[in-house]
Amino acid sequence: MTTLVRGASPTLVRDALTVLQPGFTGTTPPDWLLRRIGEGLSSVGLFGRNIASPDQLAALTARLRAERDDVLVAIDEEGGDVTRLEVRSGSSFPGNLALGTVDDTGLTRAVAAELGRRLAACGVDFNWAPSADVNSDPANPVIGVRSFGADPHLAARHTVAYIEGLQSVGVVACTKHFPGHGDTNVDSHLAMPRIDVDLATLHARELVPFRAAIAAGSKSVMSAHILLPALDPDRPATLSPQILTGLLRRELGYEGLIVTDGMEMQAIASTYGIERGSVLALAAGADAICVGGGLADEETVLRLRDALVDAVRTGELPEERLADAAARVRALASWTQAHRARGAETEPGAASEEGTAPGTDIGLVAARRALRVTGAGGPLSAPAHVAAFTPATNIAVGDETPWGVGPELARLMPGTTTGTYAADTAADRVLRDAGERRIVAVVRDVHRHPWMAGALDALLAVRPDTVVVEMGVNQAPARGALHIATHGAARVCGTAAAEVLAGA
């Protein structure tokens with residue numbers, strides 16, 4: 001231990017480790033992580049870099065639990081555009097917007113249960129999902145298809161269904177991003193978003209899904225790094241006693257675990273620093289500190305542990321507040337441990353809910369139901385050229401995960417070609433690449449990207465038979481001889497669109 005914690009009580013040091021949710025690099029747990037788990041670290045966060053296959057992931061989590069059986073293993077697995085289990089292939093599940101578009105809560109519950117079953121089979125028992133954000137600003141650069149939609153009550157009922165599905169198989173749901181990240185036009189990974197609406201609007205819109213999530217028994221809630229002056233003019237939600245303790249705990253009556261969004265995100269790191277930010281978050285009412293998406297080393301864990309211990313010693317962080325936070329983490333770990341024990345006693349392979357048996361294609365079924373097809377043009381009669389207009393991805397989604405319709409369409413219609421086009425691409429190049437083939441223009445949030453809309457206009461002016469596939473928020477007017485809105489860019493969304501294009 002460092003000099004700072006050498007004189008601290010073992011209980012204090014253990015509590016400081018207990019409230020951290022750090023990450024690491026590699027596909028096997030490093031020695032330092034196992035050592036800290038032995039010293040009291042109660043949670044570990046996994047990211048795409050840690051996952052190569054289901055078998056490897058199961059071995060990784062088994063190694064963590066060999067050190068401590070009740071360790072919480074967390075992941076950011078929303079399905080849809082944000083996937084860690086299938087980061088290199090694309091998700092087998094459509095995201096929230098697709099599910100909200102179908103608006104069948106039974107389907108949402110079944111999708112979440114199957115996703116949870118796959119997580120649990122790999123030893124993951126804490127999912128930083130669902131996003132309960134109401135996507136009231138269609139220009140939102142970070143939420144978009146991660147939201148069930150712009151209607152608060154639709155978002156609420158699907159948030160509840162998602163929570164019920166996940167938690168029915170023993171996976172903790174983490175409803176995010178409290179008190180609502182939907183009405184922002186800034187990505188909190190990069191800067192501090194601000195929502196300037198009054199309290200009445202917040203209660204009628206942003207808070208509706210969170211009230212429903214609390215009533216449904218969401219085991220955890222994740223705070224947002226956003227400034228809401230109507231609630232606290234000085235500090236973002238993650239660091240605000242008025243928001244975490246006053247609103248979430250007292251007014252809304254939430255008793256579960258409050259976890260922060262990633263503390264290395266610039267909304268916190270560039271303004272407060274991760275050490276001071278973590279102290280302020282715990283003091284404000286948070287119970288667990290998420291860090292590890294960008295900072296994934298032992299030094300980060302020790303810096304945060306020492307900052308919390310020092311804050312208790314100086315009186316900035318009451319020792320009983322830290323103890324209460326650690327107790328909530330341990331209680332949640334006990335719940336997942338008990339659920340695993342019960343699961344081990346049931347018949348192997350038994351599905352917990354209809355439609356969630358191993359090998360089910362419930363995700364593809366949902367993706368097919370989420371398609372909205374308009375226009376008079378029929379399916380393709382010959383191999384096409386897929387023109388994928390590719391915007392920069394936000395950090396939550398990442399740029400590792402493939403998306404689009406090209407590979408699946410080429411499987412269904414051999415001879416199909418694909419080109420990827422960025423902001424500096426002229427329509428002439430697409431036309432040249434396509435030759436005589438019919439063009440399938442694949443776009444993502446075309447309403448947010450003027451360059452993309454311009455390229456599409458130029459293309460349609462010359463080739464009006466072009467098919468348009470929108471894989472983001474379907475906000476722009478439908479264009480093209482055929483227009484297919486998938487409401488997400490998951491692999492299954494691309495498959496469903498390719499089936500329509502091929503007339504399959």
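Remember, predicted model here, so these are calculated numbers, not experimental data. Every heavy atom of this structure was used, including side-chain atoms; hydrogens, water molecules and symmetry mates were not. Counting from 1, the numbers follow the sequence of the chain as shown.
Counting only N and O atoms by type, the side chains of S240 and D232 include a donor and acceptor under 3.5 Å apart. Judged by distance alone, the side chains of R330 and T18 do bring a donor and an acceptor atom under 3.5 Å apart. R444 and H449 share no side-chain donor-acceptor pair at under 3.5 Å. Using modelled atom types and a 3.5 Å distance limit, the side chains of W335 and Q167 yield no donor-acceptor pair. Judged purely by distance below 3.5 Å, without hydrogens or angles, the side chains of E86 and S92 pair a donor atom with an acceptor atom. There is no side-chain donor-acceptor pair under 3.5 Å between E78 and S131. Remark: the R491 side chain and the T401 side chain contain no N/O donor-acceptor pair separated by less than 3.5 Å.
Between R157 and D103 a salt bridge is recorded (basic side-chain N to carboxylate O distance below 4.0 Å).
Between I195 atom CD1 and L202 atom CG the span is 7.0 Å, to the nearest 0.5 Å. To the nearest 0.5 angstrom, K219 atom NZ is 12.0 Å from L72 atom CG. The CD1 atom of I258 lies 11.5 Å from the CD1 atom of I243; values are rounded to the nearest 0.5 Å. To the nearest 0.5 Å, the span separating CD1 on I214 from CG on L248 amounts to 5.0 Å.
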task: Let me see the working for V469 and M471 under side-chain contact (heavy atoms from CB on, under 4.5 Å), right down to the final yes or no.
output: CA-CA 6 Å; V469 180; M471 303 196 78; 3.9 Å; yes

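Although no hydrogens or angles enter the test, the distance criterion places no donor-acceptor pair under 3.5 Å between the side chain of D125 and the main chain of V171. In this structure, the side chain of R205 does not engage the main chain of G180 through any donor-acceptor pair within 3.5 Å. At distances below 3.5 Å, not a single donor-acceptor pair connects side-chain atoms of Q337 with backbone N or O atoms of A333. No side-chain donor-acceptor contact under 3.5 Å links D445 to the backbone of R448. Between the side chain of Y162 and the backbone N or O of A132, no donor-acceptor pair lies under 3.5 Å. With hydrogens and angles ignored, the 3.5 Å screen pairs no side-chain donor or acceptor of S147 with any backbone N or O of G144.
Tested against K176, the residues D261, D133, D76 include a single salt bridge (Lys or Arg N to Asp or Glu O under 4.0 Å) partner, D76.
W128 and F47 have tilted rings, their planes meeting at an angle from 30° to 60° on a 0 to 90° scale.
Shortest non-hydrogen contact noted between L207 and F178 is CD2-CE1, 3.8 Å.
The environment of R250 atom CZ is sparse: at most 12 non-hydrogen atoms of other residues, nucleotides or ligands sit within 6.0 angstrom.
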